[in-house]
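Read the structure below first, then the notes.
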Amino acid sequence: MKNQSVTNNLDWISVVIYFILLIMGWLNIYSSSLSTIDQETSIFDFSQIYGKQFLFIVLTIPLIFVILSVDGKFYEKFSSVFYIIGLLSLAGLFVFGKTVKGQANWYSFGAFGLQPSEFVKAATALALAKYLSDVQVNLKDFNRQLQALGILALPILLIVPHDPGSALIYSVFILVLYREGLPSWYVWTGFIALILFVLALIIKPLVLIGIALAVIIFVYYRSRLINRNWILSSIIFVLIGGFVFSVDYVFENVFKQHHRDRFNILLGKEVDMKGIGYNTNQSEIAIGSGGWFGKGYLEGTQTKGGFVPEQHTDYIFTTVGEEWGFLGSLIVISLFVILIIRIIYLSERQKTKFSRVYGYCVAGILFIHFFVNIAMVVGIFPTIGVPLPFFSYGGSGLWGFTILLFIFLKMDANKVNEW
């Protein structure tokens, strides 16, 4: 009776959208994996990429049943345990990690690999929700702010050496903290720092600092007399100046060469269509060639020709654009938007702070993956290896997103039992 109750209260709108995206994703992986000489290959050939992905999808079914069969309070009670296990799995990569494409972010198990960073997102979301739901936590308190940010910092520090792209995903948790009371200056500081970083790569440091000084002086004299604080304004100017001058050092000494190349191409400083810019260029060609209605399923010439490297993973959306066209792309984007909005809507209806915060974390993670991946393949964001949820090839990513989503749907289904 308990399982039936969960099934009855499950948000079937989210479940249906999930499976639609899952099926659409597999269809595009199948198409992107075929060439003109192997289209007669069985879709159940598990030696092929699409066969393996089909197996991963099949295995999500028992995974979902296990998640839904566990009491909702279990995830809250053991959130700290999941978080610690997640951190240990990331730390273990430094010793036991398998290097794939220059990044040691995998554990190897024979023919299959496991990427722990995909599962740690859910663990971090649970830990953050647990911490913020404590009755004593007030994010107006500076010590509480540091503790909350520390929960995010630990996985980031462990992920950055192996997979900087995945580490970027954790920045979305700042918006969740802001929703729960984190002072807005954290968000604005991060946003301004990002803008200054990009501008410092384009504009000479002294010119940019001069512009910053002019803006600070303008704001200072436009403020009411009682709000003017020349000491604070001076500190802000010094911090901006130091940050701007540090950008060049960070860019040249901290970033790896392929990261520098991708930023330079994005900013128009380098044009290398046969080298580092090849992926993005071919991706734009493939998407643009689809027109309004696409070339037809399995009819994409760029896809068939294998012109877009890694098309079944980070660049899977190029298959959608070429074969399904603008209309198909719009449908896929709309499904993601509807799912994310639905999760936010359900989060607002939660009766406990824990499930509400976790729901916002789920919506945030799905959004930043979806936004960054599509921005990446259309050339308005550097290539950083962020997969498209439920579309990109890989068991770790698929299971990680499935766990993330269905834990929340379990919590939502259980809210009828909450006071």
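Everything numeric in this text was worked out from a predicted model, so none of it was measured.
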Determine, step by step, whether Leu177 and Leu132 satisfy the side chain to side chain contact (heavy atoms under 4.5 Å, CB included) criterion, reporting the C-alpha distance in whole Å, the side-chain angles of both residues, the deciding distance to 0.1 Å, and the verdict.
CA-CA 9 Å; Leu177 293 175; Leu132 295 180; 3.7 Å; yes

Please test Phe336 against Ile17 for side chain to side chain contact (heavy atoms under 4.5 Å, CB included), starting from the C-alpha separation and ending with a verdict.
CA-CA 8 Å; Phe336 273 108; Ile17 294 175; over 6 Å; no

For the pair Val337 and Phe370, evaluate side chain to side chain contact (heavy atoms under 4.5 Å, CB included) and give the outcome as yes or no after the intermediate values.
CA-CA 9 Å; Val337 171; Phe370 153 74; 4.3 Å; yes

CA sep, side-chain torsions, deciding dist, call: Trp324, Ser329, side chain to side chain contact (heavy atoms under 4.5 Å, CB included):
CA-CA 7 Å; Trp324 299 13; Ser329 300; 5.7 Å; no

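At least one side-chain heavy atom of Leu22 sits under 4.5 Å from a side-chain heavy atom of Leu398. Val15 is listed as a side-chain neighbour of Phe406, based on a closest heavy-atom distance under 4.5 Å. Residues Phe74 and Lys77 have side chains not in contact (no heavy-atom distance under 4.5 Å, counting atoms from C-beta outward). Counting heavy atoms from C-beta on, the side chains of Met376 and Phe317 never come closer than 4.5 Å. Side-chain contact check for Phe54 versus Val58: some heavy-atom pair is nearer than 4.5 Å. Side-chain contact between Tyr18 and Leu409 is absent, with no heavy-atom pair separated by less than 4.5 Å. Side-chain atoms of Val357 and Tyr131, non-hydrogen and from C-beta on, never get closer than 4.5 Å to each other. When side chains are defined from C-beta on, Ser133 does not count as touching Thr352, because their heavy atoms never get closer than 4.5 Å.
For the residue pair Ser32/Tyr50, the side-chain donor-acceptor check at 3.5 Å is not satisfied. Using modelled atom types and a 3.5 Å distance limit, the side chains of Glu323 and Ser31 yield a donor-acceptor pair.
The closest donor-acceptor contact from the side chain of His369 to the backbone of Ile169 lies at 3.5 Å or more, if one exists at all. Proximity of a side-chain donor or acceptor of Lys410 to a complementary backbone N or O of Val70 within less than 3.5 Å is detected. The main-chain N or O of Val137 is never found under 3.5 Å from a side-chain atom of Asp141 such that the two would form a donor-acceptor pair. Asp412 contributes no side-chain N or O that, together with a main-chain N or O of Leu10, makes up a donor-acceptor pair within less than 3.5 Å. With hydrogens and angles disregarded, a donor-acceptor distance shorter than 3.5 Å links the side chain of Ser396 to the backbone of Gln115. Here the side chain of Gln53 pairs a donor or acceptor atom with the backbone of Gly394 at under 3.5 angstrom.
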Tabulate below the donor-acceptor pairs under 3.5 Å that side-chain atoms of residues 78-93 make, not counting sequence neighbours, or state none.
unit_1, atom_1, unit_2, atom_2, d
Ser79, OG, Glu76, O, 3.0
Tyr83, OH, Ile151, O, 2.6
Ser89, OG, Gly86, O, 2.6

Taking only distance into account, with no hydrogens and no angle test, what donor-acceptor pairs under 3.5 Å do side-chain atoms of residues 185-214 form with protein atoms, sequence neighbours excluded?
unit_1, atom_1, unit_2, atom_2, d
Tyr186, OH, Gln145, OE1, 2.4
Thr189, OG1, Trp185, O, 2.5

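Within 6.0 Å of CZ in Phe371 there are 12 or fewer heavy atoms belonging to other residues, nucleotides or ligands. By the 6.0 Å contact criterion, CZ on Phe96 is open, its count of non-hydrogen atoms from other residues, nucleotides or ligands being 12 or less.
The distance from the CD1 atom of Ile159 to the OG atom of Ser117 is 5.5 Å, given to the nearest 0.5 Å. Ile343 CD1 to Leu405 CG: the interatomic distance, rounded to the nearest 0.5 Å, is 5.0 Å. With rounding to the nearest 0.5 Å, the separation of CD in Glu322 from OG1 in Thr318 is 7.5 Å. The CG atom of Leu27 sits 8.5 Å away from the CZ atom of Phe391 when rounded to the nearest 0.5 Å. We find the CD1-OG distance between Ile340 and Ser14 to be 11.0 Å, quoted to the nearest 0.5 Å.
Ring pair Tyr358/Tyr75: centre-to-centre distance not below 6.0 Å. Trp399 has its ring centre less than 6.0 Å from the ring centre of Phe56.
Shown here are the side chain to side chain donor-acceptor pair (under 3.5 Å) partners of Ser347, two or more places apart in sequence or in another chain: there are none.
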